[in-house]
Amino acid sequence: MCMTKCLGAVAATLFAGAPVVGAGAAEIKLTAQPDLAWQTTGEGVAFAPLKGNRFEESYMAMVRLPAGLVSPVHTKSAGMYGLVVAGEMVHLAGDGADRAENVLRSGDYYEIPAGLPHLSKCVSQVDCVTFLYQDGPFDFLPVGEERR
């Protein structure tokens, strides 16, 4: 049920204000994978914006995590909704200690609520790529020792 609701929210965002087919002004936007405008952070995580400015508003982006990357435990101020495109990922609440690691593969969906401390891992031998919708601006708020 949540997946339907969340994907409906993404669809509503994509098509809000879109002209009715046949109105003449509508165009299909196509971006081939090689044409994505990847921006890589100092940690090696790359973002390719699709819609919205991730630092100012809700947004959609392709996100690439290097193979083997394990994030520090952190929170986000906005909810995250993602679909794995390539690689294998794990998302764990808290520091992940004593928790089963459910590996997400291509086509699998994840949702991380705003404010939930969590860590993310790219556990595959290849980079992990996800489609990500975040319902507010991007932030990365380390928890615990990393916050100092």
Side-chain angles (χ1 to χ4, degrees), residues 1-16 18 26-148:
M1 178 172 158
C2 182
M3 184 170 179
T4 303
K5 181 179 176 184
C6 295
L7 291 178
V10 170
T13 301
L14 280 172
F15 300 112
E27 292 186 28
I28 295 173
K29 179 181 177 182
L30 303 173
T31 305
Q33 189 173 355
D35 297 331
L36 292 173
W38 292 100
Q39 302 161 350
T40 305
T41 69
E43 298 77 26
V45 176
F47 290 82
L50 299 172
K51 185 167 181 68
N53 180 323
R54 71 183 163 114
F55 296 110
E56 297 176 5
E57 59 193 333
S58 61
Y59 67 95
M60 287 181 271
M62 299 301 293
V63 181
R64 183 175 57 220
L65 285 72
L69 178 119
V70 178
S71 75
V73 177
H74 62 283
T75 64
K76 304 280 179 104
S77 298
M80 297 173 54
Y81 310 89
L83 185 69
V84 178
V85 175
E88 297 179 346
M89 299 187 72
V90 171
H91 298 285
L92 297 167
D95 63 6
D98 301 324
R99 295 185 193 268
E101 293 191 3
N102 294 315
V103 178
L104 299 174
R105 294 174 177 80
S106 179
D108 292 342
Y109 171 81
Y110 63 92
E111 181 175 329
I112 302 173
L116 178 70
H118 66 280
L119 63 85
S120 299
K121 300 180 183 184
C122 177
V123 297
S124 57
Q125 298 296 313
V126 298
D127 290 351
C128 293
V129 177
T130 69
F131 167 81
L132 179 68
Y133 167 71
Q134 193 162 336
D135 61 10
F138 172 86
D139 57 11
F140 185 98
L141 306 168
V143 172
E145 292 183 33
E146 289 86 8
R147 188 171 283 222
R148 289 185 205 164

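What you see is a predicted model, and the numbers here were worked out from it, not measured in a lab.
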Rounded to the nearest 0.5 Å, what separation is found between the CD1 atom of Ile112 and the NE2 atom of His74?
6.5 Å
Note: Ser77 and Ala114 closest approach over all heavy atoms is O-CB, 3.4 Å
Test side chain to side chain contact (heavy atoms under 4.5 Å, CB included) on Val90 and Val70; report intermediate values, then the result.
CA-CA 9 Å; Val90 171; Val70 178; over 6 Å; no
Less than 4.5 Å apart, any side-chain heavy atom of Leu36 and any of Leu50?
yes
Could you pull out the closest heavy-atom pair between Ala78 and Gly136, with the gap in Å?
CB-N, 3.4 Å
Please round to the nearest 0.5 Å and tell me the distance separating atom CD of Gln33 and atom CH2 of Trp38.
7.5 Å
Counterpart residues, ring pair (Phe, Tyr, Trp, His ring centres under 6.0 Å), relative to His91 (two or more places apart):
Tyr110
Side-chain donor or acceptor of Ser120 paired with backbone N/O of Ser71 under 3.5 Å:
no
Kindly say whether Gly79 contributes a backbone atom to a donor-acceptor pair with the side chain of Asp135 at under 3.5 angstrom?
yes
One should read off an interatomic distance between Leu83 CG and Asp108 CG, to the nearest 0.5 angstrom, of 8.0 Å
If you take all heavy atoms of Val126 and Gly87, which pair is closest and at what distance?
CG2-CA, 4.0 Å
Gap separating the CZ atom of Phe47 from the OG1 atom of Thr41, nearest 0.5 angstrom:
7.0 Å
Has the side chain of Thr130 got a donor or acceptor atom that lies under 3.5 Å from a matching backbone atom of Leu132?
no
Contact summary for Cys122 and Leu65, nearest pair of heavy atoms
SG-O, 3.9 Å
What distance separates Thr75 OG1 from Leu141 CG, expressed to the nearest 0.5 Å?
4.0 Å
What are the two closest non-hydrogen atoms of Ser124 and Ala67, and how far apart are they?
O-CB, 3.4 Å
Would you indicate whether the side-chain heavy atoms of Lys51 and Lys29 approach each other to under 4.5 Å?
no
Is there a donor in the side chain of Tyr59 and an acceptor in the side chain of Gln134, or the other way round, less than 3.5 Å apart?
yes
Can you tell me if Asp139 uses its side chain to pair, donor with acceptor, with the backbone of Lys76 under 3.5 Å?
no
Enumerate the residue pairs fulfilling disulfide bond (SG atoms under 2.5 Å apart) with a member in residues 53-90, sequence neighbours excluded, ordered by first and then second residue.
none
Working to the nearest 0.5 Å, report the span between CD of Glu88 and SG of Cys128.
7.5 Å
If only atom types and distance count, is the side chain of Ser106 paired as donor or acceptor with the main-chain N or O of Val85 below 3.5 Å?
yes
Val84 versus Met89, closest heavy-atom pair with distance
CG2-SD, 4.3 Å
